[in-house]
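What you see is a predicted model; the values in this text were computed from it and never measured. In what follows, chains are A, B, ... by sequence order, proteins preceding strands, each numbered from 1.
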There are 2 protein chains.
Amino acid sequence: MDSDRPRRPTLDTVASAVGVSRATVSNAYNRPDQLSASLRTRILETARSLGYAGPDPVARSLATRRNAAVGLMLPQGLSVAFTDPSLSIVLDGLASTVDGHDHCLVLMPGNDTGGPRPETVSRAQADVVVAYSLPDSAPALSAVSARGLPLVVIDQPVISGTARVEVDDSGGARLAASHLLALGHSRFGILTFALHPDGYRGPVSCSRRASIPFRVSRDRLTGYLDALENGGVAAENVPVWEASGSGRELGREGARWMLTRTPRPSALLCASDQLAFGALQAARDLGLSVPGDVSVVGFDDVPEASVSDPPLTTVRQPLAEKGRLAGQLALKLLAGARPPRATRLDVSLISRASCAPSK
Amino acid sequence: MDSDRPRRPTLDTVASAVGVSRATVSNAYNRPDQLSASLRTRILETARSLGYAGPDPVARSLATRRNAAVGLMLPQGLSVAFTDPSLSIVLDGLASTVDGHDHCLVLMPGNDTGGPRPETVSRAQADVVVAYSLPDSAPALSAVSARGLPLVVIDQPVISGTARVEVDDSGGARLAASHLLALGHSRFGILTFALHPDGYRGPVSCSRRASIPFRVSRDRLTGYLDALENGGVAAENVPVWEASGSGRELGREGARWMLTRTPRPSALLCASDQLAFGALQAARDLGLSVPGDVSVVGFDDVPEASVSDPPLTTVRQPLAEKGRLAGQLALKLLAGARPPRATRLDVSLISRASCAPSK
DNA sequence: CAGCATGACTGAAGCGCTTCAGTAGATCCA
DNA sequence: TGGATCTACTGAAGCGCTTCAGTCATGCTG
């Protein structure tokens, strides 16, 4: 307020105000043991009175070559992403791990191409990146490796040199399908979320079932179909509906289609709990009883599954754990560790009231 | 493992490989018009072949003194935050605006104190910060001003020198309450989300109604009560339940309490649609018909409100617009604009099937 | 009291990039 | 032909901080 410009104070400002070297002021903030306690308080007080808010994070990052930030790449825009409770839970595990270690989370929302733009990636101030369920060979992935940043992938296929945490999706799907087979069902319908990053929603043709870039969708779908084949149900006879996302309304739409077909399926396999909740609603809309007229299985076991009407039979995966683990891996890579072999988390079938024996 | 890692190439590496100055390489990336097209491609190709992924974002930020990142401060951890669809929508508006202008979003999740830790704030590499519905006088807010960063607040009280976007919460609440009064109701119950950042949930005592630090909760609550007083219903006779957040389950719990009181309210005013959905569920649990036995009004008008069972009468606020506006304001502040006066968005009552005349 | 740790602080070399005032040569116009 | 104007590129000064090899008193040991 007195000099030429209201330039923000820097380390130098403080240093010369106190009459010490810049290094000492830096130490006051970063290595309290390197100077006497009295000098330190003097420095900190002067800093406060000058309106110096501590070392500039960017300059610090440049000097230390560390950002204290982990980037998160999402397959879609944020609203789509956050409407999905299973993602929220994973994210929360990730964020709290990362925040607990004084690291920030930098969001890189995806767009239509199934992931963040490469430029977004190359401008992001992060020193490790977590990719959540991107389609195979998303451009964002190569952008990360071009920058030489360590990468943790969640729910993705193998990319060499990266850490990975995943879940046994096809095993879980088989669990679900086998459960329904054991209950005597023989007319099935499958509700899945996006198989391709093109926004399509509707019945799934054969050609569309080939070369699915989203690993999770692919594994769950093939898990269902494999188990059904083993149970004597031919894949051709199983209608599949692809929703463009995992929203409840999308599930409702798909289930409506499914439940108004002839013959009507007696059991619905849903690739997520959200889709299953939508299916529950669709059944209600049509005056069908669950599980009286139709059985429904979900996937994820989000908290609401235990209190829905009826409570949902579903495949549990440890969502929070997944996020936490990804966060820990990211921090380890940051500390210089080599990427460990993939961690695979277990799934299990949680049987509730949305399934009943076939009549 | 820390040994001779091949140092990443820098601008210098590329410059001397091509045989030009560093400035020219920089221009190749940032000001294509400053050099001949042929030289530019030669530089870019050499860069690629050297494995140079473009200017380092941190160094660039230091030199330009801009981060191309906006920070977002949230009142709570991410899962709580993202479970709330209204927040998701706001966030999406914000994120897409910001991403569309090549800016990243840096997340600063809150903790128990009702906002991010001050250290998180002072280390964040953002050059403008958006605060979403923090409690009055959260420490994070002073941390922002200590750093001299421009600030945009959403749903907050006035903080001088900041931009602000808000909604007429008390007006909306009055709309909702007046609607029910007009339908002849006289026994009310109010379901609100957190009034204080202490995790409490349960009935709200008088002392707790004083000095509520969350502006939104405060305005909606007083809006309801004002309108009811005007309609001849004394505030003392209106039970209020405070949920610790805005989750559906929390609403269900509160509504159960409300609907099992004697006398039973004939109308429930809910501070969010999520709480209202929970109330719908609670009514169903208790075998009560909505709106036959009890009328329910929400707040927000999230997409699901139009398809719930029954469709929800609610107060609409332009959520996506709120986020978009906040993003635009942030970008403007970044461009050097002075904080404009607060933008207040309109609300309106959307009448659906969850309310009926009192019997 | 020589010899030697120890504690407290400093100087200066970066970290990788942007930017701006120049400069050298080519082009143009009269 | 002689300036004026362009075009294409360069040199060097930062941006604000960390860090590491010193320096210099001071206290401790035998």
Exercise for the section: Provide, to the nearest angstrom, the distance between the CG atom belonging to Asn67(A) and the P atom belonging to dC17(D). Expected result: 16 Å

Practice task
Measure the shortest side-chain to side-chain distance between Leu11(B) and Tyr52(B) over non-hydrogen atoms and say whether it is less than 4.5 angstrom.
Solution key: yes

Handout entry: Side-chain donor-acceptor contact under 3.5 Å, Ser49(A) with Thr46(A)
Key = no

Problem - Interatomic distance where CZ belongs to Arg8(B) and P belongs to dC15(C) [whole Å] - result: 16 Å

Completion exercise
Arg65(A) has its side chain closest, among dG16(C), dC17(D), dT18(C), to dG16(C)

Practice task
Whole angstrom is fine here: how far is it from CG in Leu62(B) over to C1' in dA13(D)?
Solution key: 13 Å

Practice task
For Ile43(A) and dC17(D), give me the distance from atom CD1 to atom P, rounded to whole Å.
Solution key: 13 Å

Problem - Between dG16(D) (C1') and Asp127(B) (CG): distance, integer Å - result: 15 Å

Practice task
Could you check if a side-chain atom of Val25(B) sits within less than 4.5 angstrom of a side-chain atom of Val20(B), using non-hydrogen atoms only?
Solution key: yes

Problem - Expected output: side-chain Ser26(B) to main-chain Arg22(B) donor-acceptor under 3.5 Å - result: no

Practice task
Would you kindly give the CZ-to-P distance between Arg60(A) and dG16(C), to the nearest whole Å?
Solution key: 18 Å

Exercise for the section: Pick base, sugar-phosphate or nothing for Arg31(B), based on heavy-atom distances below 4.0 Å to the nucleic acid. Expected result: sugar-phosphate

Exercise for the section: Could you tell me whether Thr64(B) contacts a base, only the sugar-phosphate backbone, or nothing, with contacts defined as non-hydrogen atoms closer than 4.0 Å? Expected result: sugar-phosphate

Handout entry: Ser61(B) side chain to Arg66(B) backbone, donor-acceptor under 3.5 Å
Key = yes

Practice task
Check every strand shown and say whether Tyr29(A) touches a base, only sugar-phosphate, or nothing at a heavy-atom separation below 4.0 Å.
Solution key: nothing

Fill in the blank from the handout: In whole angstroms, the gap separating P of dG11(C) from CG of Leu11(A) amounts to 15 Å

Handout entry: Main-chain N/O of Arg147(B) paired to Arg8(A) side chain as donor or acceptor, under 3.5 Å
Key = yes

Problem - Check against salt bridge (Lys or Arg N to Asp or Glu O under 4.0 Å), Arg42(B) and Glu45(B) - result: CA-CA 5 Å; Arg42(B) 194 148 61 87; Glu45(B) 263 161 20; over 6 Å; no

Exercise for the section: Select one nucleotide: of dT18(D), dG16(D), dT18(C), the one nearest the side-chain heavy atoms of Asn30(B). Expected result: dT18(C)

Pick out the pairs of N or O atoms, protein on one side and nucleotides 6-10 of chain C on the other, that lie under 3.5 Å.
residue, atom, partner, partner atom, Å
dC9(C), OP2, Ser36(A), N, 2.9
dT10(C), OP1, Ser21(A), N, 3.4
dT10(C), OP2, Ser21(A), N, 2.9
dT10(C), OP2, Ser21(A), OG, 3.0
dT10(C), OP2, Thr24(A), OG1, 2.4

Problem - Among dT18(D), dG16(D), dC17(C), the nucleotide that comes nearest once only the side chain of Asp56(B) is considered - result: dC17(C)

